[in-house]
Amino acid sequence: MKKTTFAFVILLLASSASAESANFGTLPETMTAPALRPEIGLTQDTAPAPDATMPAEELACRKRLEAAGVGFRDQAPLGDPLGCAAPWPLTVTHLPGNVALRPEATLTCAMAEATASFVEKQAQGIARQSFGSPIVALDQVSAYVCRPRTSDSAKLSEHAFANALDWGTIELEDGSRIDIRHYGEPDSRDALLMARLRKAACGPFKTVLGPGSDADHSNHFHFDLAQRRNGGTWCR
C-alpha cells in the first residue's frame, strides 16, 4: 500500500512539472539589457522652440528674420555669475542673400536683425560699387563672449550680452577677400570699401570701432547696439 502511494506521488509531481513547461516555455539563458534612456537637459547646444513664455517682441523679431531670409535657430539662455546674460539668444548661420556668417554667431535677435539689414541694404551696395561684386560671406571674429569691454576695463562688453559682432574679413563673389587688418593701406580699393562701410555703419549700429580707435580694435570692425542717452552713437 505504501509503495503504491509513493509511486502515485512521484507520478503526480512529474505531471505537474510537465504542465509548467508546456505553459511557460524555457527562459533564455541571457537577456538583452534595455536601452538606456538619454538624459534630457538644456545646454547651450539645445535649441528650444519659441513658446508662450517668449516676449512678443522676440517672436515678432524672429518672424522678420525669417521673412528677410536669415538662417538662425533658437539657443538656450546664456548667463554667467559675472553678469553676462542673453535670455533669448539666436545662433545665426547666414544673412539675407545667403551670405554665410562664418563661424555661426550667437547674437540677440535685435543684433541679428541690425546686421542683416545693414548687409542687405547698405554693405551689398557698397561692395558692388567698389568691386562690382556682391558679398557672399562674412568672417566674424567675435560674437557672444563673457568678457570686459577692453583689456584695461572692468565694465562688461556688449559681447557679454550677445549684442555685438566683430567683422574680420569680407569675401566677395569674385573671390576677393577684404581683410580689415589692411584698413590703413592708402589708395586701395579695399581701404575705400572699408572706409565706406565704417561710415555707413554709424547709425544702424550704436557703436562703431575699428583700426585707429584703440589697440583692441586694430584688426577688426566692432559693431554693437549699446543703448545710450537720446539714442546717441559712438563711432570712432
Do any N or O atoms from the side chain of [X] and from the backbone of [Y] form a donor-acceptor pair under 3.5 angstrom?
| X | Y | value |
| --- | --- | --- |
| Thr233 | Cys235 | no |
| Arg198 | Pro211 | yes |
| Asp80 | Leu82 | yes |
| Ser176 | Leu172 | no |
| His222 | Asp166 | no |
| Ser133 | Asp174 | yes |
| Asn163 | Asp224 | no |
| Gln140 | Pro103 | yes |

Charged N-O contact under 4.0 Å between Glu58 and Lys63: no

Honestly curious: do [X] and [Y] fall in one hydrophobic cluster under the side-chain, below-4.5 Å linking rule?
| X | Y | value |
| --- | --- | --- |
| Ile178 | Leu197 | yes |
| Leu101 | Val70 | yes |
| Val99 | Ile180 | yes |
| Leu165 | Val208 | yes |

Minimum-distance pair of heavy atoms, taken over all atoms of [X] and [Y]:
| X | Y | value |
| --- | --- | --- |
| Ala105 | Ala143 | CB-CB, 3.7 Å |
| Pro134 | Arg128 | CB-NH2, 3.6 Å |
| Ser157 | Pro148 | CB-O, 3.4 Å |
| Cys202 | Pro204 | C-CD, 3.6 Å |
| Pro89 | Ala76 | CG-O, 3.3 Å |
| Tyr144 | Ala162 | CD1-N, 3.7 Å |

Test side chain to side chain contact (heavy atoms under 4.5 Å, CB included) applied to Asp190 and Phe131, step by step: CA-CA 9 Å; Asp190 290 22; Phe131 276 78; 3.1 Å; yes

CA sep, side-chain torsions, deciding dist, call: Arg73, Glu104, salt bridge (charged side-chain N to carboxylate O under 4.0 Å, His left out): CA-CA 10 Å; Arg73 62 182 181 273; Glu104 58 189 25; 2.8 Å; yes

Derivation and outcome, side chain to side chain contact (heavy atoms under 4.5 Å, CB included), residues Ile135 and Glu173: CA-CA 6 Å; Ile135 298 170; Glu173 188 176 64; over 6 Å; no

Side chains of [X] and [Y], heavy atoms from C-beta outward: is any pair under 4.5 Å?
| X | Y | answer |
| --- | --- | --- |
| Trp88 | Cys109 | no |
| Thr207 | Arg228 | yes |
| Glu120 | Leu95 | no |
| Leu78 | Phe161 | no |

Derivation of the side chain to side chain contact (heavy atoms under 4.5 Å, CB included) call for Leu107 and Leu90: CA-CA 5 Å; Leu107 301 168; Leu90 300 175; 5.7 Å; no

Quick check for you: to the nearest 0.5 Å, what is the distance between [X] atom [atom1] and [Y] atom [atom2]?
| X | Y | atom1 | atom2 | answer |
| --- | --- | --- | --- | --- |
| Asp139 | Trp167 | CG | CH2 | 11.5 Å |
| His159 | Met111 | NE2 | CE | 8.5 Å |
| Ser142 | Glu158 | OG | CD | 12.0 Å |
| Leu65 | Glu113 | CG | CD | 5.5 Å |

Parallel, tilted or perpendicular: rings of Phe118 and Phe223 (30°, 60°): perpendicular

Residues in side chain to side chain contact (heavy atoms under 4.5 Å, CB included) contact with Ser130, at least two apart in sequence or another chain: Ile126, Leu193, Arg196

Side chain to side chain donor-acceptor pair (under 3.5 Å) between Ser218 and Arg181, intermediate numbers included: CA-CA 7 Å; Ser218 62; Arg181 292 177 299 178; over 6 Å; no

Intermediate values then yes/no, side chain to side chain contact (heavy atoms under 4.5 Å, CB included), Phe72 and Arg62: CA-CA 9 Å; Phe72 69 93; Arg62 282 156 173 76; 3.9 Å; yes

Intermediate values then yes/no, salt bridge (charged side-chain N to carboxylate O under 4.0 Å, His left out), Glu171 and Arg102: CA-CA 11 Å; Glu171 182 178 338; Arg102 304 183 306 213; 2.7 Å; yes

